[in-house]
Amino acid sequence: MLLIDCPYCGPRAESEFRCGGEGHIARPGPHDEVSADAWADYLFYRTNPKGEHRERWLHAAGCGQWFNILRDTVTHQINGVYLMGEPGPAEAAQ
Amino acid sequence: MTRKYSALSLLREGLAGQTGWDPAWRDAVPKERYDAIVIGGGGHGLATAYYLAKNHGITNVALIERGWIGGGNTGRNTTIIRSNYFFPETARFFEFALKLYEGLSQDLNYNIMFSQRGMWMLGHDRHGMEMLRRSANAMRLNGIDAELHDEATVRDTIPGLNTSPRFPILGGLNQPRAGSARHDAVAWGYARAASALGVDIIQNCEVESFLIENGHVRGVQTNRGTIRSETVGMAVAGHSTALAAKAGVRLPISSFALQAFVSEPVKPCLDTVLLSPATGTYISQSDKGELVIGAGLDLYLSYAQRGNLPWMERAAAGVTELFPAFSRMRFLRQWAGICDIVHDSTPIIGATDLGGFYVNCGWGTGGFKAIPAGGWCLAHAMATGTSHPLAKAFDLDRFRTGALIDEASASGIAH
C-alpha cells in the first residue's frame, strides 16, 4: 500500500489516487509528418524500468490535481514528488 | 531413462518399496553450444523446449531459468483454462491451447489434473446480459462451446449464491469445456517430457548479456558461463522488456503486479469457475479445497511480487457479496506475479529486429491458459524462422501498422 504525498493535500492512501503512467512523454508533431515508427513509440513503447520511474499521478478522490512522482518499481519507495511542468529529477541533474 | 507412469508401474513400485523411481527430469549443466536456447523456465518456455524436440526434432536444446522452473507466473496464477475470446485470431489460438490441454496428460504421460468443470460469467444488469449474449454468439461463430442461461439455471448450477444480492444475478454465460489444471504439474510435465527427449533444463542460470554479431544473436552470457546458439527464444513474462533490452530489442510492454489469494481449505463447495466482472470476483476451488481468488492489477508499474491491500479488500468484498457463506473464511496465502501488459491484451509471438532472437510475451493476466499454444508457436518460429499460422497476427509489427487485436475491450479483459 502506497502512502502518496500529494503536493496539495499532504500524505494520503494509494486508493485515493490513479496512476497516469510514465511522465515526460512529449507528443510528436506536426501530426502529418510523424512516421509510423514514431507514433508507435509514442503510443505503445514505454521505458518500463526495473528501478526508478518518473510517473504521473492524479489525486482522483481528493483535489483532482495531477502531479509527478519518482518511484522505485521494485521496492515501491517514493523518492520524490514534484509538480506538473517541473523538470524531472534526471533532467534537473543534467 | 525415465520410467513411464502407469497403473502397472505404480503397482510394481508399490511392491518394490518405491525404490525404482528416477527423478522426473535431469538438472543439467550447461554445454558450450546448442541448436537452440530457450530463456525462461515457466510454462511457455518449457512447452517451447518440448515442442522444439517433439514437433521439429530439435533436441539439442538448452532451457535456462534464472530461478527454478515454474517459480514465476506459472506458479502464481489462478490456473484457469478457457477460450472465451472474441476476435477470430485470438479465439482460434486460445481454442487450440484448450484442445492441447485436453490431451496433455496423455501426451506428456503426466497428470496435469485438467478438470473441465466449466466457467461461468455472470450478468448483473441488462447491459451485462447483452454483452454476454454478444460474447456467446462470437464464441459459437468461432466454433467454441458457449451456453447462455437464465438466473434459475445459474442458481441451480451454482449453490450458495447470494439470494438477495446488491447486484442482481440475471443470468450467466457458461463455457462447459473450460476449467482448471494443476499449474505445477503443467511445468513439471513439460519439463519431464522435454528432458526425456534430450532437452537440458538448466536452473539458477541467469542471462547477463547477449552475444551479438552482425545483427544476429550468437548466444548468451550467463552466470554459469557462455552458451552459444544461433537461435534464442525468450519467454519471461513481466521481465521481457528488461531482458530484451540486453539484446537491444524494445518491446511495447509494461509490467504490473497481479494478485491472487487462496482461502483456508474447506470441503467441496464450488464445482465450477465463476467470474463476475461487476463485483470484481474470479473464484474457483482447488482440489485441495482452497478457494482460489483472483484480483485485478495494481495499475502502476511493479516488479515486486506482492500485491497491495486495496485489491485484497475489493476481491474479498466481491466474493462475500456473491457468496455470503464465505464471509467467515480466512485468507491463507496472498501473492502476486508480474504481468507483461500490452495495449491490446493480445500476445506477441515471433521474430524481432535481432536475427535469430524470438519472443513469446504480452500475455498480460492470461498466460497460463495459453501455455501449450504459446510454446507450440514459439517453437515453430524458432525452428522454421516463420510465424505459425495461428500466431501470424501476433507479431510486433502490429504496433507500428495499427493492426491491433483489441481483446482488451472486445472480450472485456478488465485491465
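Residue numbers start from 1 in every chain, and the chains themselves are labelled A, B, ... in the order their sequence lines are given, proteins ahead of strands. Not measured: the values here are computed from a predicted model. As a basis for the values below, the full set of heavy atoms in this structure was taken, side chains included, without hydrogen atoms, waters or symmetry mates.
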Enquirer: What part of B/Leu251 gets closer than 4.5 Å to chain A, counting heavy atoms only: side chain, backbone, both or neither?
Expert: backbone
Enquirer: Can you say whether A/Asp72 sits under 4.5 Å from chain B via the side chain, the backbone, both, or neither, judging by heavy atoms?
Expert: neither
Enquirer: Measuring from B/Glu407:CD to B/Phe87:CZ, what's the distance to the nearest 0.5 Å?
Expert: 6.0 Å
Enquirer: Between B/Ile338, B/Ile253, B/Val342, B/Thr401, which shows the greatest number of heavy-atom pairs under 4.5 Å with chain A?
Expert: B/Ile253
Enquirer: Is A/Tyr82 close to A/Arg54 at the side-chain level, that is, under 4.5 Å between some pair of heavy atoms?
Expert: yes
Enquirer: Please determine, among A/Leu43, A/Thr75, A/Leu2, the option with the most heavy-atom pairs under 4.5 Å with chain B.
Expert: A/Leu2
Enquirer: Between the side chain of B/Thr352 and the main-chain N/O of B/Phe357, is any donor-acceptor distance below 3.5 Å?
Expert: yes
Enquirer: Out of A/Asp37, A/Thr73, A/Asn48, A/Thr47, which one racks up the most heavy-atom pairs below 4.5 Å with chain B?
Expert: A/Asn48
Enquirer: Among A/Arg46, A/His76, A/Glu55, which residue forms the greatest number of heavy-atom pairs with chain B at distances under 4.5 Å?
Expert: A/His76
Enquirer: Please check: side-chain N/O of A/Arg12 versus main-chain N/O of A/Phe17, any donor-acceptor pairing under 3.5 Å?
Expert: no
Enquirer: If we define contacts as heavy-atom pairs under 4.5 Å, which of A/Glu22, A/Glu14, A/Arg18 has the most with chain B?
Expert: A/Glu14
Enquirer: Are B/Tyr300 and A/His53 near enough that their ring centres are under 6.0 Å apart?
Expert: no
Enquirer: Thinking salt bridges, do B/Asp397 and B/Arg400 make one under a 4.0 Å N-O criterion?
Expert: yes
